[in-house]
Number of protein chains: 2
Amino acid sequence: MIFNDYIEYNGVFMSHPSPKLSLFEQFAAVAKALSSAPRLDLLELLAQGERSVEALAQTSGLSVANTSQHLQVLRRVGLATSRKAGAHVFYSLSGDDVLDLLAALRRTAGRHVAEVDRLVRGYFKERDALEAISRGELVRRMREGSVTVLDVRPPEEFAAGHIAGAVNIPARDLKQRLAELPAGAEVIAYCRGPYCVLAFEAVATLRHHGVMARRVEDGFPEWRAAGLPVAGGA
Amino acid sequence: MIFNDYIEYNGVFMSHPSPKLSLFEQFAAVAKALSSAPRLDLLELLAQGERSVEALAQTSGLSVANTSQHLQVLRRVGLATSRKAGAHVFYSLSGDDVLDLLAALRRTAGRHVAEVDRLVRGYFKERDALEAISRGELVRRMREGSVTVLDVRPPEEFAAGHIAGAVNIPARDLKQRLAELPAGAEVIAYCRGPYCVLAFEAVATLRHHGVMARRVEDGFPEWRAAGLPVAGGA
DNA sequence: ATAACATTCAACATATTAATTGAATCTTGG
DNA sequence: CCAAGATTCAATTAATATGTTGAATGTTAT
């Protein structure tokens, strides 16, 4: 749908962007959209699946107006898309390439952080103890039936989709609900993504209570993107 | 080397960054470093190999002071490293993960640009004519000897490393030097990277003069990163 | 229709960023 | 040691981004 000098794209009317912007400027615009912690937070939530503005505002702790504006930034550069359903607007990632981009960003930034960390405190301390297991290994262990898979995200996120066969105990409630975990089997915790702290905390808590526990290398979005079995969701 | 509250990292003294910065803030800082066209330009040049500040300023067209400052931004977030050799400082990418990150950024941003473009002008016009060939296909064609590989970057960059067997005619000089190209064989042009315009222009020029020509899907950095045969360089 | 709700818009104060300029630092060759 | 060159630093200005507030829009249910 093209008007005189404005095109509609993704539900937004925008003036012709391409003519003047060099490719580098286009790339820079995408990077700029990624260059804010709240927006990365939102993207990580979107990586879990489609969410309404309100839901995103709630879980991210941002004001609704602020959330809306950040989401529009993400949409404008093509990282997210939106769908209007009645009075609600649902946002989601615009494609799997966005997951790849986020993963690449995490990898590079994480490497740098790790290097700095190593300098700051002579070496890693507990990080080794919190060694993660890979997706592949988790699949193998699940087939053997020798593990309990623990989803430590909030119930709403669990309900929207989770690793098939996982148990949901939010990180907050874990201490009170330890009894619900089957005895004997090692617990493998996961949450939103590779850098979601919930899983780290859960593993620490479990070990502190004498439960064998590790975390999965990455989170639910990566699991689903890999085409592995998922339960729940729309 | 740790002082009271400052650590030396990468030749820079920085105050403890980790304690306060959340992971998202760390990631955002890296993205912010990518969010400027001049810096992406510099990164693309660095992807070719190590370069001095002066050389980078020259090829990018930025002032030396400005170049230096941008490079320091890249270094601070771990995208680039520097090495001091006499009076010169040589910068380079800090690892292959940076190439991956740039590739992911290009892919996502490029997809978006393509979608917008398709809307703006009913459909691609010449883009199809400028269809690229993949690295793999180029390797095959080179083995057959049925192609002339043309490097259209400036001579300095060519000298610093190029695809083994390539001919160097800078894009600027191409029109004058058409005669140097062996007749008969299709010409395959490449330059700095997948979005380097030089190769596009070269192909357009060649076709305009009746020479069969296409460009390679990506550029020299990707070729070298793939472990394919390289000539020249330090 | 009207009220309640979800989302977006517009305007503002505050903070960051980018490029320029000129000076400061450091290194090498004479 | 001194002069020239390479790089970095510091200070300035103009431009841009962020988060808040309150109003505007559009949608559903009563």
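Order of the sequence lines sets the chain letters (A, B, ...), proteins ahead of strands, with each chain counted from 1. Note: hydrogens, waters and symmetry copies are ignored here, and every other heavy atom, side chains too, is used.
Using a cut-off of 4.0 Å between Lys/Arg side-chain N and Asp/Glu carboxylate O, A:R135 and A:E222 are scored as not salt-bridged.
For A:R107 (side chain) and B:L101 (main-chain N/O), no donor-acceptor pair under 3.5 Å exists by modelled atom type. No donor-acceptor pair closer than 3.5 Å links the side chain of A:N168 to the backbone N or O of A:P154.
Annotation: side chain of B:L105 is in contact with side chain of B:L40 (closest heavy-atom distance under 4.5 Å). Between B:L56 and B:L46 the shortest side-chain heavy-atom distance falls below 4.5 Å.
In this structure, A:R76 atom CZ and D:dT18 atom P are separated by 10 Å, rounded to whole Å. Rounded to whole Å, atom P of D:dA4 lies 17 Å from atom NE2 of B:H88. If you measure from atom CZ of B:R39 to atom C1' of C:dT16, you get 12 Å, rounded to the nearest angstrom. In this structure, CG of A:L71 is placed 13 Å from P of D:dT18, rounded to the nearest angstrom. Rounding to whole angstrom units, CZ of residue A:R75 and P of C:dT7 are separated by 12 Å. One can place CD of A:Q58 at 12 Å from P of C:dT7, the figure rounded to the nearest angstrom. The CG atom of B:L40 sits 12 Å away from the P atom of C:dA18 (whole-angstrom rounding). Between the NZ atom of B:K32 and the P atom of C:dT16 there is a distance of 9 Å, given to the nearest Å.
Between A:F27 and A:F24, the ring planes are perpendicular. Angles over 60° get that label, and only those under 30° would be called parallel.
For A:Q58, the CD atom is loosely surrounded, since the number of other residues' heavy atoms within 6.0 Å does not exceed 12.
Residue contacts shown for B:Y91 are limited to sugar-phosphate atoms, with no base heavy atom under 4.0 Å away.
An OP1 or OP2 oxygen of C:dA19 is reached within less than 4.0 angstrom by a side-chain nitrogen or oxygen of B:H70. One finds a side-chain N or O of B:S68 lying less than 4.0 angstrom from the OP1 or OP2 phosphate oxygen of D:dT8.
Between the CD1 atom of A:I169 and the CZ atom of A:R153 there is a distance of 14.0 Å, given to the nearest 0.5 Å. Note that CZ of A:R51 and CZ of A:F90 are 10.5 Å apart. Values are rounded to the nearest 0.5 Å. Separating the CG atom in A:L79 from the CG atom in A:L102 is a distance of 7.5 Å, to the nearest 0.5 Å.
Within the structure, the salt bridge (Lys or Arg N to Asp or Glu O under 4.0 Å) test picks out the following pairs touching residues 157-177 of chain B (sequence neighbours left out): B:E157-B:R192, B:D173-B:R177, B:R177-B:E180. Counting only residues at least two apart or on different chains, the salt bridge (Lys or Arg N to Asp or Glu O under 4.0 Å) pairs with a member in residues 87-97 of chain A are A:D97-B:R111.
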Quiz item: So B:V149 and B:V216, side chain to side chain contact (heavy atoms under 4.5 Å, CB included) or not? Walk me through it.
Solution: CA-CA 9 Å; B:V149 181; B:V216 189; 5.8 Å; no
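Rounded to 10 degrees, the angle separating the terminal axes of the helix from C:dA1-D:dT30 to C:dG30-D:dC1 is 30°, with each axis obtained from five end pairs.
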Quiz item: Nucleotide by nucleotide, 5' to 3', does protein get under 4.0 Å of the base (B), only the sugar-phosphate (S), or neither (-) in nucleotides 20-25 of chain D, counting heavy atoms?
Solution: BB----
Self-check item: Reading 5' to 3' through nucleotides 23-30 of chain C, protein heavy-atom contacts under 4.0 Å coded B for base, S for sugar-phosphate only, - for none
Solution: ---SSS--
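When every heavy atom of A:Q26 is checked against every heavy atom of B:A109, the shortest pair comes out as O-CB, 4.4 Å.
Non-hydrogen atoms lying under 4.0 Å from DNA chain C are contributed by nothing in residues 45-56 of chain B.
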